[in-house]
Amino acid sequence: MPVRVRFAPSPTGLLHIGGVRTALFNWLFARHDGGEFLLRIENTDTSREVEESVEQIQRSLRWLGLDWDGEIEFQLDGLGRHQEAARRLLAEGHAYEHEGAIRFRMPDEGATVWADAIKGQISYPNEKLEDLVLLRSDGRPTYNLAAAVDDADSGITHVIRGEDHVPNTPKQIRILEALARPLPVYAHVPNVFGTDGKKLSKRHGAVSVEEFRAKGYVAPALMNYLALLGWSYDDKTTIMSRDELVERFGLERVGSSPATFDYEKLDWMNGVYLREMPPDQFADDLVAYLRETGFDGDEETIRASAPLVQEKIARLDEYPKFAGFFFRRVEPSAELLDGSGPLLAQVREALATVEPFASEPIEAALRALAERLDLKPRQAFQPIRAAVTGSNVSPGLFESLELLGRNESLARLDAAIKSYR
RNA sequence: GCCCCCAUCGACUAGCGGCCCAGGUCACGGCCCUUUCAAGGCCGUAGCGCGGGUUCGAAUCCCGCUGGGGGCACCA
């Protein structure tokens, strides 16, 4: 029997990265098995906020490539079924009326035990389980009733959710048993903490998928990183494509202790993915990203400069700072250029006559010049870099000069010579 | 307060009784390469929370402690 799982976020506020990781585990588990991955929104009303939240959840999942099967289910749509279940439990003596609400009758001896696919056996003493409300006095079902009934009605085989749901599990098990419905396998994934050791929340850094996207992370890198947050394949594999992840994922190798989100490792991994991209794809992604974030440089220049920066940046958002000099004149600091006027004058002369104005001939000419002046490469090249890029950190100097073109390069050199003779 | 869960380098983790005086990745330090910064290569620092057991033998099993987390609604 194929596996069927569901991701069931509540549409309150933004879907944050911990939730996304839970969604990822569900998705990987389903795809690995050739089963189904359902998306259910646990809404209790139909406000405007809910609508926006549902949109955001979908955007997040789509961007990461977590496709769900079928239509999105809304918990509210199951109202009739939930009420019916409560009435049945009442009729069969598993529940009783209490001040207008329907309460479930919990056994008060023994224990409720299940074999959690991630955490192993978990046991709750029944005497600690209170008679929970199934149906409120206004007729609306409570979460535990609705969730349990929906899982059963959807034929969910594995409930993979955050560890904050562990205490709900014995309640849902008891409800399902009273209803004579089959129990799903439960798998509770541990929390994700922020770098400060506290549970990840809106207060700690970029937590929504959209923020990661805005910071210039690419989806496959985020997916790979998230997969490794709590799951491992073996003792040495870290970079895995989406297909490899799907092929290798399993609940058995999900750890049972919480993990801390590490932005530095994510940055490193994102850089790995950026560098491994085919140049055309990198350029496409870069252009799309820059357009989205409002960068207004011309596309031709962006594409031409893409190969020069691909090897050097870890996040797309570093581009404007790193390659911005291609789009505007720079103002090098006096500190970087002080006293280099005479050198730059000779550089200018050399560059004025190089033919063609391409990186290789440029490099040859500048190296010859440095040798003639008895300067070490860095002594000769850093002032040029500063004059032309405005910084002592930049893409390759010769390639940058070529891309800038002879006129623009000479103009920047002239400006520097004039100011720093 | 009560219930439940968790515990290997700073971080993510491998380890499921001998293969481990603990392996990989990030970060960190050093060296190499080098026009800068990265990238890359090589080397290195760093860890089994504590105390009892069990066993010929424990990071691995059991108990306690400590620490961390989650949950205790007519919220989801």
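Chain A is the first sequence line, chain B the second, and so forth, proteins listed ahead of strands; every chain is numbered from 1. Note that these values count all heavy atoms, side chains included, but never hydrogens, waters or copies made by symmetry.
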Quiz item: Hey, are A:Thr157 and A:Arg4 close enough side-chain-wise for a donor-acceptor pair under 3.5 Å?
Solution: no
Quiz item: Does the separation of the ring centres of A:Tyr319 and A:Phe282 fall below 6.0 angstrom?
Solution: no
Quiz item: Within the structure, does a side-chain N or O atom of A:Arg103 lie under 4.0 Å from either OP1 or OP2 of B:C74?
Solution: yes
Quiz item: For A:Arg253, which contact category applies under a 4.0 Å heavy-atom criterion: base, sugar-phosphate, or nothing?
Solution: sugar-phosphate
Quiz item: Quick one: A:Phe7 CZ to B:A76 C1', roughly how many Å, whole number?
Solution: 13 Å
Exercise. Check step by step if side chain to side chain donor-acceptor pair (under 3.5 Å) holds for A:Arg385 and A:Gln382.
Key: CA-CA 5 Å; A:Arg385 184 188 309 282; A:Gln382 276 308 82; 2.7 Å; yes
Quiz item: Is A:Gly255 touching bases, backbone alone, or none of the nucleic acid, heavy atoms closer than 4.0 Å?
Solution: nothing
Quiz prompt | B:G1 pairs with, by Watson-Crick or G-U criteria that keep both distances under 3.5 Å | solution = B:C72
Quiz item: Going by modelled atom types, is there a donor-acceptor pair between the base of B:C5 and the side chain of A:Lys119 at under 3.5 Å?
Solution: no
Exercise. May I ask you to say what A:Lys236 touches in the nucleic acid, namely base, sugar-phosphate or nothing, with a heavy-atom cut-off under 4.0 Å?
Key: sugar-phosphate
Self-check item: Strand partner of B:U36, provided both Watson-Crick or wobble distances fall under 3.5 Å
Solution: none
Exercise. Give A:Pro125 one of three labels, base, sugar-phosphate or nothing, depending on what nucleic acid heavy atoms sit under 4.0 Å from its own.
Key: sugar-phosphate
Quiz item: Quick one: A:Asp267 CG to B:C28 P, roughly how many Å, whole number?
Solution: 11 Å
Quiz item: Do A:Trp231 and A:Phe25 have their ring centres less than 6.0 Å from each other?
Solution: no
